[in-house]
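See structure below.
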Amino acid sequence: MKEFVFRLYTKVLYGEGVAKRLGAECKQLNARKVFFVTDSFMVEHSAAFPMLIDSIKNAGLEVKVFSEVEPDPSIVTIDGVAAKMKEFGADVAVAFGGGSPMDTAKLACMLQSNAGSVCDYMRKTRNIDNPAVPVICIPTTAGTGSEVTSFGVVTDSDAGEKIGVAHDSMMPKLAIIDPALQLSMPPSLTAATGMDALCHAIEAFVSTDAELLSDAMCLHAIRLIGENIRKAVADGRDVETRGKMALASLAAGVGFAQAGLGAVHGIAHCLGAMYHVPHGVANALMLPYVMSFNVMASMEKFREIAIALGENVTGLSLRDAAYRSVAAVKLLNEDLGIPQTLKEVGVKESDFSSIIKNTMTYGRLPFNPRTVTEKDVENILTTAMG
Ligand SMILES: NC(=O)c1ccc[n+]([C@@H]2O[C@H](COP(=O)([O-])OP(=O)(O)OC[C@H]3O[C@@H](n4cnc5c(N)ncnc54)[C@H](O)[C@@H]3O)[C@@H](O)[C@H]2O)c1
Ligand SMILES: [Fe+2]
């Protein structure tokens, strides 16, 4: 029997319009000074931004905004946010945006009570000894699941690496899932972030560390994404569809926080750090190639993925049914306009050795269902070049 620890920390507030309760929720956490982390796009274009700030102020709390988080936040950005947050004396942080503002806020909260730079924790030259300051996450993309995971990803472009820093206390205290805030996502962002969530669910479902509770979360996420992602991309104005994608992303987040990821994220992190391929696009592109490599390690589970994605596998052999999952993901990528080959996103064969080296050191590679060697990564990359 597999023994496991399942973490259940984050309160989830779900529904259209629930974000207006932000101020009251901050108060419930005994906050006085709220540090608000977002990006410039959200400040300039989101009608929700002034509403959220007013909600905090109307609850009688002081608020300071940092709005310069870039996609794939760097060490410099995260350290800078942490310093500003310390100077302000915040007792709660609110993250509003996609995975980048959420990860930045979570890491800055950790640095309030732990000395040094985020780089020290990324390189493991320091341990996280003290609990992080509480964080509330309000996701505006449906992809990363960062609102329910205990880690943040830091990008070191010079080293060509993206590395996660984790601690139980970095798990957000509250996730406010208001699908109305996700209506503004353009089709390409909806597709890329939705495929990131699918990738989390699939990698965690076939992970060597999967268990029955994480399986339930992942399978539900795969089904919800299979049923809703095309609709969400085709008509981003439907709040019910957005809500289902938001919950799928959250469920996939719970699943992978528990069971880990695999070679797709290992390779995708290199593509993000080296070529700035958006995280979701990098994952979506690599997903069918890595699934195809992994199928034989867990045919029953890949068959279940095919079924969850709506494939009719009646009468097929186990092997054929399992491979249907790969075909379904390929078709999904095609329909969503995701690049199909590494060439299309500018990857050069001369960079293969760096990609292989960094993939092999990816902390979650051991959870990949099939053992991965350097030669395997090279073969996967060569096939994916097209
Ligand atoms: N901590 C985790 O559990 C976890 C998991 C997966 C990925 N990540 C990290 O998250 C980051 C990616 O996050 P992301 O994919 O959510 O994107 P993002 O936060 O990097 O945002 C990408 C772009 O989308 C825009 N955007 C966000 N919401 C929008 C909306 N509603 N309407 C219009 N535009 C909007 C942003 O302004 C930005 O320009 C990567 O750094 C990745 O490594 C973290
Ligand atoms: Fe991801």
Side-chain angles (χ1 to χ4, degrees), residues 10 19 37-49 67-74 77-78 95-107 110 135 137-157 161-167 170-172 175 178-204 232 236-237 242 245-246 249-250 252-258 260-262 264-273 276-284 286-287 362 364:
T10 309
V37 181
T38 185
D39 63 38
S40 56
F41 178 91
M42 301 314 291
V43 170
E44 283 157 31
H45 300 281
S46 169
F49 171 71
S67 63
E68 281 134 60
V69 177
E70 76 274 25
D72 301 327
S74 66
T77 299
I78 294 162
F96 175 57
S100 299
M102 289 194 280
D103 285 5
T104 301
K106 286 159 72 178
L107 291 162
M110 181 277 288
V135 61
C137 285
I138 312 178
T140 61
T141 61
T144 69
S146 181
E147 67 276 11
V148 287
T149 69
S150 61
F151 58 88
V153 181
V154 190
T155 298
D156 182 346
S157 295
E161 285 178 306
K162 286 177 77 171
I163 293 180
V165 173
H167 192 260
M170 283 166 60
M171 192 77 93
D178 186 338
L181 305 180
Q182 304 189 356
L183 296 173
S184 56
M185 271 195 282
S188 57
L189 187 63
T190 304
T193 52
M195 287 304 289
D196 184 23
L198 180 64
C199 199
H200 296 155
I202 291 179
E203 288 211 281
R237 297 162 302 180
R242 290 289 193 190
M245 286 300 294
S249 166
L250 186 146
V254 174
F256 89 84
Q258 228 12 75
L261 296 166
V264 181
H265 269 76
I267 297 172
H269 278 182
C270 302
L271 303 180
H276 297 289
V277 181
H279 180 71
V281 172
N283 279 314
M286 290 314 303
L287 184 57
Y362 178 55
R364 286 164 164 193

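In listed order, ligands and their atoms are each counted from 1. Remember, it's a predicted structure, so these values are computed and weren't measured experimentally.
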Below the 2.8 Å mark, what number of protein N, O or S atoms do you get around the Fe ion (ligand 2)? 4

Side-chain touch His279/Pro71, heavy atoms, less than 4.5 angstrom: no

Should the proximity of Leu189 to ligand 1, defined as any heavy atom under 4.0 Å, be assigned to the side chain, the backbone, both, or neither? side chain

Counting heavy atoms only, which part of Phe256 comes closer than 4.0 Å to ligand 1: side chain, backbone, both or neither? side chain

Just heavy atoms, cut-off under 4.0 Å: does Leu183 contact ligand 1 by side chain, backbone, both, or neither? neither

Could you check whether any side-chain heavy atom of Asp178 comes within less than 4.5 Å of a side-chain heavy atom of Ile138, counting everything from C-beta outward? no

Checking the side chain of Glu161 only, and the main-chain atoms of Asp156 only, is there a donor and an acceptor separated by less than 3.5 Å? no

Just which atoms of ligand 1 are under 4.0 Å from any heavy atom in Gly98? 16 (O), 19 (O)

Applying side chain to side chain donor-acceptor pair (under 3.5 Å), name anything that partners Thr38, two or more places apart in sequence or on another chain. none

What residue among Leu287, Asn283, Thr141 forms side-chain contact (heavy atoms from CB on, under 4.5 Å) with Asp196? Asn283

May I ask whether Glu70 places a heavy atom under 4.0 Å from ligand 1? no

Can any side-chain N or O of Lys106 pair as donor or acceptor with the backbone N or O of Ser146 at less than 3.5 Å? yes

Test item: Thr104 and Ile78 side chains (from C-beta on) under 4.5 Å apart, heavy atoms: yes

Number the atoms of ligand 1 from 1 as they appear, then name those within less than 4.0 Å of a heavy atom of Pro71, with their elements. 20 (O)

At under 4.0 Å between heavy atoms, which part of Asp39 makes contact with ligand 1: side chain, backbone, both or neither? side chain

In ligand 1, the atoms that come under 4.0 Å of a heavy atom of Thr141 are 16 (O), 27 (C), 28 (N)

Under 3.5 Å between some N or O of ligand 1 and some N or O of Ser184? yes

Note: ligand 1 atoms sitting under 4.0 Å from heavy atoms of Thr149 are 1 (N), 2 (C), 3 (O)

Taking Ala48's backbone N and O only, do any of them form a donor-acceptor pair with Ser46's side chain (distance below 3.5 Å, no angle check)? yes

With heavy atoms and a 4.0 Å threshold, my read on which part of His45 contacts ligand 1 is neither

Identify, by atom number and element, the atoms of ligand 1 in contact range of Val153, meaning under 4.0 Å from any of its heavy atoms. 43 (O), 44 (C)

Can you check whether Ser67 reaches Glu44 side chain to side chain, under 4.5 Å on heavy atoms? no

Is it the case that the side chain of Ser150 and the backbone of Ala166 share a donor-acceptor pair, with hydrogens and angles ignored and the cut-off at 3.5 Å? no

Suppose we screen for side chain to side chain donor-acceptor pair (under 3.5 Å). Which residues come up paired with Ser74, at least two apart in sequence or across chains? Glu70, Thr77

Ligand 1 to Met42 polar contact by distance, N or O atoms, under 3.5 Å: no

Taking Arg242 for its side chain and Gly236 for its backbone only, find out whether a donor-acceptor pair lies under 3.5 Å. yes

For Asp196, the atoms of ligand 1 under 4.0 Å from one of its heavy atoms are 6 (C), 7 (C)

Partner residues of Ser249 under the side chain to side chain donor-acceptor pair (under 3.5 Å) criterion, sequence neighbours left out: none

Any protein heavy atom under 4.0 Å from atom 21 (O) of ligand 1? no

For atom 43 (O) of ligand 1, which of the options Lys162, Gln182, Lys106 provides the nearest non-hydrogen atom? Lys162

Should the pair Phe151 and Phe256 be assigned to parallel (<30°), tilted (30 to 60°) or perpendicular (>60°) ring geometry? perpendicular

Is His279 touching ligand 1 with its side chain, its backbone, both, or neither, if touching means heavy atoms under 4.0 Å apart? side chain

Please report whether ligand 1 has a polar contact with Gly99, defined as an N or O pair separated by less than 3.5 Å (distance criterion only). yes

Please identify which atoms of ligand 1 are closer than 4.0 Å to at least one heavy atom of Thr193. 15 (O)

Provide the number and element of each atom of ligand 1 under 4.0 Å from a heavy atom of Pro101. 19 (O)

Ligand 1 versus Asp103, non-hydrogen atoms closer than 4.0 Å: side chain, backbone, both, neither? side chain

